[in-house]
Amino acid sequence: QVQLVESGGGLVQAGGSLRLSCAASGSIRSILTMGWYRQAPEKQRELVASITSGGSTNYADSVKGRFTISRDNARNTVYLQMNSLKPEDTAVYYCVAFALVYSNSAYDYYWGQGTQVTVSS
């Protein structure tokens, strides 16, 4: 019902920047929250940043001051601007949407396939 397509991942040198994008499509009635999680090898998946339809944001302490999340509600797209990247930011980044589709009566979580971000030292 909801497809999330991430783009913008890749290999970057420490101190560099990347911008991730995630576009949601499908029979979407509304999206309350969009965000990014990441999972490094042998690590638990963690929330990186999230943003509500009203613009409220949350960030992991490890990325505050370096990452910025934003969204284009009209296009159902969320972005993650990542600056001053560190090797410990290396992970698979997953886009998530808390959304209501036309066939359902309740919101549910939808996940993208993930995009690899690798930061070299």
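What you see is a predicted model, and the numbers here were worked out from it, not measured in a lab.
Listed by first then second residue, pairs satisfying salt bridge (Lys or Arg N to Asp or Glu O under 4.0 Å) with a partner in residues 41-50 read R38-E46, not counting sequence neighbours. Screening residues 102-118 for salt bridge (Lys or Arg N to Asp or Glu O under 4.0 Å) gives no qualifying pairs among residues at least two apart or on separate chains. Sorted by first and then second residue, the ring-ring contact (aromatic ring centres under 6.0 Å, His included) pairs involving residues 19-68 (not counting sequence neighbours) are Y37-W111.
Following chains of ILVMFWY side-chain contacts shorter than 4.5 Å, one cannot reach I51 starting from V96, and the two form parts of different hydrophobic clusters. Y110 and I28 fall within the same hydrophobic cluster, where Ile, Leu, Val, Met, Phe, Trp and Tyr residues are linked whenever their side-chain heavy atoms come under 4.5 Å apart, directly or through other members. Using a 4.5 Å cut-off between side-chain heavy atoms of Ile, Leu, Val, Met, Phe, Trp and Tyr, with links allowed through other members, Y94 and L32 fall into the same hydrophobic cluster. By the criterion of side-chain heavy atoms lying less than 4.5 angstrom apart, applied directly or through intervening Ile, Leu, Val, Met, Phe, Trp or Tyr residues, L20 is not grouped with V92; the two fall into different hydrophobic clusters.
Qualifying side chain to side chain contact (heavy atoms under 4.5 Å, CB included) partners for S105, counting only residues two or more places apart in sequence or in other chains: none. By the side chain to side chain donor-acceptor pair (under 3.5 Å) test, T118 is found to be paired with Q116, residues two or more places apart in sequence or in another chain being considered. With sequence neighbours excluded, the residues forming a side chain to side chain donor-acceptor pair (under 3.5 Å) with S30 are Y107, listed by chain and number. Residues passing the salt bridge (charged side-chain N to carboxylate O under 4.0 Å, His left out) test with R66, sequence neighbours excluded: D89. With sequence neighbours left out, S27 forms a side chain to side chain donor-acceptor pair (under 3.5 Å) with Q1. Take K64 and apply the salt bridge (charged side-chain N to carboxylate O under 4.0 Å, His left out) test, not counting sequence neighbours, and it matches D61.
In terms of heavy atoms, R71 sits closest to S53 at NH1-N, 3.2 Å. Among all heavy-atom pairs drawn from I69 and G35, the shortest one is CD1-CA, 4.0 Å. The two residues R19 and S70 come nearest to each other via the heavy atoms NH2-OG, 4.3 Å.
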If you look only at distance, which donor and acceptor atoms sit under 3.5 Å apart when one is on a side chain in residues 76-87 and the other is two or more places apart or in another chain?
| from | atom 1 | to | atom 2 | distance (Å) |
| --- | --- | --- | --- | --- |
| T77 | OG1 | R75 | O | 3.0 |
| Q81 | NE2 | N83 | OD1 | 3.0 |
| N83 | OD1 | S17 | OG | 2.9 |

With a cut-off of 3.5 Å and sequence neighbours excluded, list every side-chain donor-acceptor pair involving residues 2-15.
| from | atom 1 | to | atom 2 | distance (Å) |
| --- | --- | --- | --- | --- |
| E6 | OE1 | Q113 | N | 3.2 |
| E6 | OE1 | G114 | N | 3.1 |
| E6 | OE2 | C95 | N | 2.9 |
| E6 | OE2 | G114 | N | 3.1 |

